[in-house]
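A short worksheet on the structure shown next.
Below, read A as the first sequence line, B as the second, and so on, with proteins coming before strands; counting in each chain starts at 1.
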2 protein chains.
Amino acid sequence: MDGIDRKILDLLQHDATLSIAEVAQRVGLSQTPCWKRIQRLETLGYITSRVALLNPEKLGLGLTVFVSIEAGEHSKEWLDAFAARVAAMPEVTEFTRMAGDVDYLLRVVVRDMRDYDRFYKKLIAAAPLKNVTSRFAMEQIKFTTALAIPPGDG
Amino acid sequence: MDGIDRKILDLLQHDATLSIAEVAQRVGLSQTPCWKRIQRLETLGYITSRVALLNPEKLGLGLTVFVSIEAGEHSKEWLDAFAARVAAMPEVTEFTRMAGDVDYLLRVVVRDMRDYDRFYKKLIAAAPLKNVTSRFAMEQIKFTTALAIPPGDG
DNA sequence: CTTGAAAAGAGCGGCCA
DNA sequence: TGGCCGCTCTTTTCAAG
């Protein structure tokens with residue numbers, strides 16, 4: 001992982017449609033070694049996948065909700081069952097176990113309030129929860145999958 | 001936007017390396033009409049971009065933080081300046097204006113606590129804030145960019 | 001790492017139903 | 001619309017410097 005690799009990753013995490021020739025040119029290499037680097041970065045797991053990002057509005061998915069959950073119970077059985085069920089819900093785009101007062105944080109994308117109510121009932125039916133707080137997004141000011149690749153190691 | 005278009009979008013939002021031939025086969029079309037549909041979906045803005053997703057751990061980005069912000073001031077000038085500065089920070093992957101008690105929610109990806117402290121100081125220097133609460137992620141149970149495409153319209 | 005090149009495959013477009 | 005058939009460009013692999 002040198003600077004060139006980081007540059008390649010940064011290019012591809014912003015636009016994966018770039019041809020190898022273009023990437024090679026921008027990092028100052030010829031195609032063959034550039035292609036080999038990309039292969040290596042994929043094999044080593046730096047690149048996990050290449051995906052198409054969709055416009056939620058266009059699909060009628062106008063409501064993003066952040067759900068804070070306090071669990072109450074903390075047994076391994078409970079946690080495993082809860083994690084499996086929630087992760088399987090397609091409306092949940094992000095599911096994080098947290099430190100501090102909130103045990104879990106969910107990012108949920110649905111059509112509208114009515115749709116969220118449907119999801120909410122499904123969620124509380126999945127496992128007993130001590131406390132659930134929903135916070136609703138008004139405006140998405142920034143959303144990116146691109147990471148700030150640090151210069152040091154990696 | 002019929003069922004076939006939705007199926008195409010769903011395939012590509014999970015794996016954008018699929019060739020047109022493969023997508024075509026899976027949705028039960030031949031290449032040409034499938035290719036035309038994908039072109040149309042891109043032109044109409046259903047597909048916003050194709051990106052490579054990177055592994056944050058591999059890059060030494062081990063800490064994800066959700067930052068809740070209470071603004072205090074709400075003038076247009078303040079908001080515009082604040083929004084522009086925060087959106088420009090590469091550590092911020094998501095920046096949302098919220099309804100309710102929290103005014104803004106940030107998703108921040110950094111190396112570690114030390115690195116977060118550096119970011120935090122940068123953040124509070126960007127604009128006067130009434131209240132800032134940081135919640136730290138312990139474990140990423142699920143993370144996907146794939147949306148639950150609804151059947152109706154879109 | 002570079003150049004050069006060749007085989008395989010994918011994207012792209014025209015034309016017909 | 002969808003399907004068939006080419007033309008081009010890219011990806012992928014190889015040899016040699």
Side-chain angles (χ1 to χ4, degrees), chain A residues 1-61 144-147 149-154, chain B residues 1-55 58-60 144-154:
Chain A
M1 268 296 293
D2 58 8
I4 297 180
D5 280 340
R6 273 188 282 277
K7 214 163 177 178
I8 291 173
L9 289 175
D10 198 41
L11 287 168
L12 293 180
Q13 78 171 340
H14 283 100
D15 184 2
T17 68
L18 291 171
S19 71
I20 292 178
E22 274 189 57
V23 175
Q25 196 207 321
R26 295 204 203 174
V27 301
L29 283 178
S30 60
Q31 290 196 25
T32 313
C34 183
W35 179 81
K36 279 183 185 164
R37 278 169 183 266
I38 295 173
Q39 290 301 312
R40 203 169 51 79
L41 290 168
E42 273 174 351
T43 309
L44 294 178
Y46 288 90
I47 297 173
T48 59
S49 59
R50 288 151 182 265
V51 300
L53 299 182
L54 308 185
N55 185 335
E57 302 285 333
K58 280 272 180 184
L59 295 167
L61 294 168
T144 179
T145 55
L147 304 172
I149 302 172
D153 81 35
Chain B
M1 270 294 293
D2 58 8
I4 296 180
D5 281 339
R6 272 187 284 277
K7 214 164 177 177
I8 291 173
L9 290 175
D10 198 41
L11 287 168
L12 292 180
Q13 78 169 341
H14 283 100
D15 184 2
T17 69
L18 291 171
S19 68
I20 292 177
E22 274 189 58
V23 175
Q25 197 207 321
R26 296 205 203 173
V27 302
L29 283 178
S30 61
Q31 293 194 26
T32 311
C34 184
W35 176 78
K36 279 182 186 166
R37 279 169 182 266
I38 294 173
Q39 290 301 311
R40 203 168 51 80
L41 290 168
E42 273 175 352
T43 309
L44 294 178
Y46 287 91
I47 297 174
T48 58
S49 60
R50 288 152 184 264
V51 300
L53 299 183
L54 308 184
N55 184 336
K58 280 271 180 185
L59 296 167
T144 180
T145 55
L147 304 172
I149 302 172
D153 80 34

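- At least one side-chain nitrogen or oxygen of B:R37 sits closer than 4.0 Å to the OP1 or OP2 atom of D:dG2.
- Residues satisfying the side chain to side chain contact (heavy atoms under 4.5 Å, CB included) test with A:T48, not counting sequence neighbours, are B:L53, B:N55.
- Distance, B:I38 CD1 to C:dG13 C1': 15 Å, rounded to whole Å.
- Applying the salt bridge (Lys or Arg N to Asp or Glu O under 4.0 Å) test to pairs two or more places apart or on separate chains, those with a residue in residues 46-55 of chain A are A:E42-A:R50.
- The backbone N or O of A:A146 lies less than 3.5 Å from a partner atom in the side chain of A:T144, making a donor-acceptor pair.
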* Structure fact -> With B for base contact, S for sugar-phosphate-only contact and - for none (protein heavy atoms under 4.0 Å), nucleotides 5-17 of chain D reads B-----BBBB---

For residues 11-29 of chain A, please give each side-chain donor-acceptor pair under 3.5 Å, one per line with the distance, not counting sequence neighbours.
{"residue": "A:Q13", "atom": "OE1", "partner": "A:L147", "partner atom": "N", "Å": "2.7"}
{"residue": "A:Q13", "atom": "NE2", "partner": "A:D10", "partner atom": "OD1", "Å": "2.8"}
{"residue": "A:Q13", "atom": "NE2", "partner": "A:L147", "partner atom": "O", "Å": "2.8"}
{"residue": "A:H14", "atom": "ND1", "partner": "A:D10", "partner atom": "O", "Å": "2.9"}
{"residue": "A:D15", "atom": "OD1", "partner": "A:T17", "partner atom": "N", "Å": "2.9"}
{"residue": "A:D15", "atom": "OD1", "partner": "A:T17", "partner atom": "OG1", "Å": "2.6"}
{"residue": "A:D15", "atom": "OD2", "partner": "A:T17", "partner atom": "OG1", "Å": "3.4"}
{"residue": "A:S19", "atom": "OG", "partner": "A:E22", "partner atom": "N", "Å": "3.3"}
{"residue": "A:E22", "atom": "OE1", "partner": "A:R26", "partner atom": "NH2", "Å": "3.3"}

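- The nearest whole Å value for the distance from the CD1 atom in B:I8 to the P atom in C:dG11 is 13 Å.
- A:K58 contributes a side-chain N or O that, together with a main-chain N or O of B:L44, makes up a donor-acceptor pair within less than 3.5 Å.
- To the nearest 0.5 Å, atom CD of residue A:Q39 and atom CG of residue A:L41 are 9.5 Å apart.
- The distance between atom NZ of B:K36 and atom P of C:dC12, rounded to the nearest whole Å, is 13 Å.
- Bending across the helix from C:dC1-D:dG17 to C:dA17-D:dT1, expressed as the angle between its end axes from five pairs apiece, amounts to 20° (10° rounding).
- For the atom pair A:I38 CD1 and A:Q31 CD, the distance stands at 10.0 Å (nearest 0.5 Å).
- For B:R40 and C:dC12, the CZ to C1' distance is 17 Å, given to the nearest whole Å.
- By the salt bridge (Lys or Arg N to Asp or Glu O under 4.0 Å) test, A:R37 pairs with A:D2, A:D5, sequence neighbours left out.
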